[in-house]
Amino acid sequence: MPKEIERKFLVINDSWLNEFDSGVEYRQAYITTAGSATVRLRTAGDKAFLTLKGPASGASRDEFEYAVPFVE
């Protein structure tokens, strides 16, 4: 079963931006659920994904991601 491990990093300044020419635009939205699961819809460029995340257990949790049709 796939696991997500949440990691966070402190960025001190913007100097790392000089190493990149371009990137992929990401957009995301979360769908409200009644339980402890998280549902996210994310687009990355011209691709779209639906992600289901279970409750956290420490720094990790079960995660399932599915490609869905992208519609503009």
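Excluded from the calculations below are hydrogen atoms, water molecules and symmetry mates; all remaining heavy atoms, backbone and side chain alike, are included.
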Taken in chain and number order and not counting sequence neighbours, the residues that satisfy salt bridge (charged side-chain N to carboxylate O under 4.0 Å, His left out) with Glu6 are none

- Is there side-chain contact between Tyr30 and Thr38, with heavy atoms separated by less than 4.5 Å? yes

Sorted by chain and number, sequence neighbours left out, side chain to side chain contact (heavy atoms under 4.5 Å, CB included) with Ala48 holds for Thr43, Val68, Phe70

Test: Arg27 and Glu25 ion pair at under 4.0 Å | yes

- Message: Any heavy-atom pair between the side chains of Gln28 and Leu41 that's under 4.5 Å?
- Response: no

CD1 of Ile5 to CZ of Arg61, rounded to nearest 0.5 Å, is 12.5 Å

For Val24, the hydrophobic cluster (side chain heavy atoms closer than 4.5 Å, chained through members) also holds Tyr26

Next item on the list: Determine the interplanar angle of the Trp16 and Phe20 rings, folded into 0 to 90°, and report it as parallel if under 30°, tilted if 30 to 60°, perpendicular if over 60°.
Entry: perpendicular

Sorted by chain and number, sequence neighbours left out, salt bridge (charged side-chain N to carboxylate O under 4.0 Å, His left out) with Arg7 holds for none

Sorted by chain and number, sequence neighbours left out, side chain to side chain contact (heavy atoms under 4.5 Å, CB included) with Ile12 holds for none

Neighbour count above 12 (heavy atom, 6.0 Å) for Asn13 CG: yes

Please report, to 0.1 Å, the donor-acceptor pairs under 3.5 Å made by any side chain of residues 49-57, with sequence neighbours excluded.
unit_1	atom_1	unit_2	atom_2	d
Thr51	OG1	Arg40	NH2	3.3
Thr51	OG1	Glu65	OE2	3.0
Lys53	NZ	Glu4	OE2	2.7

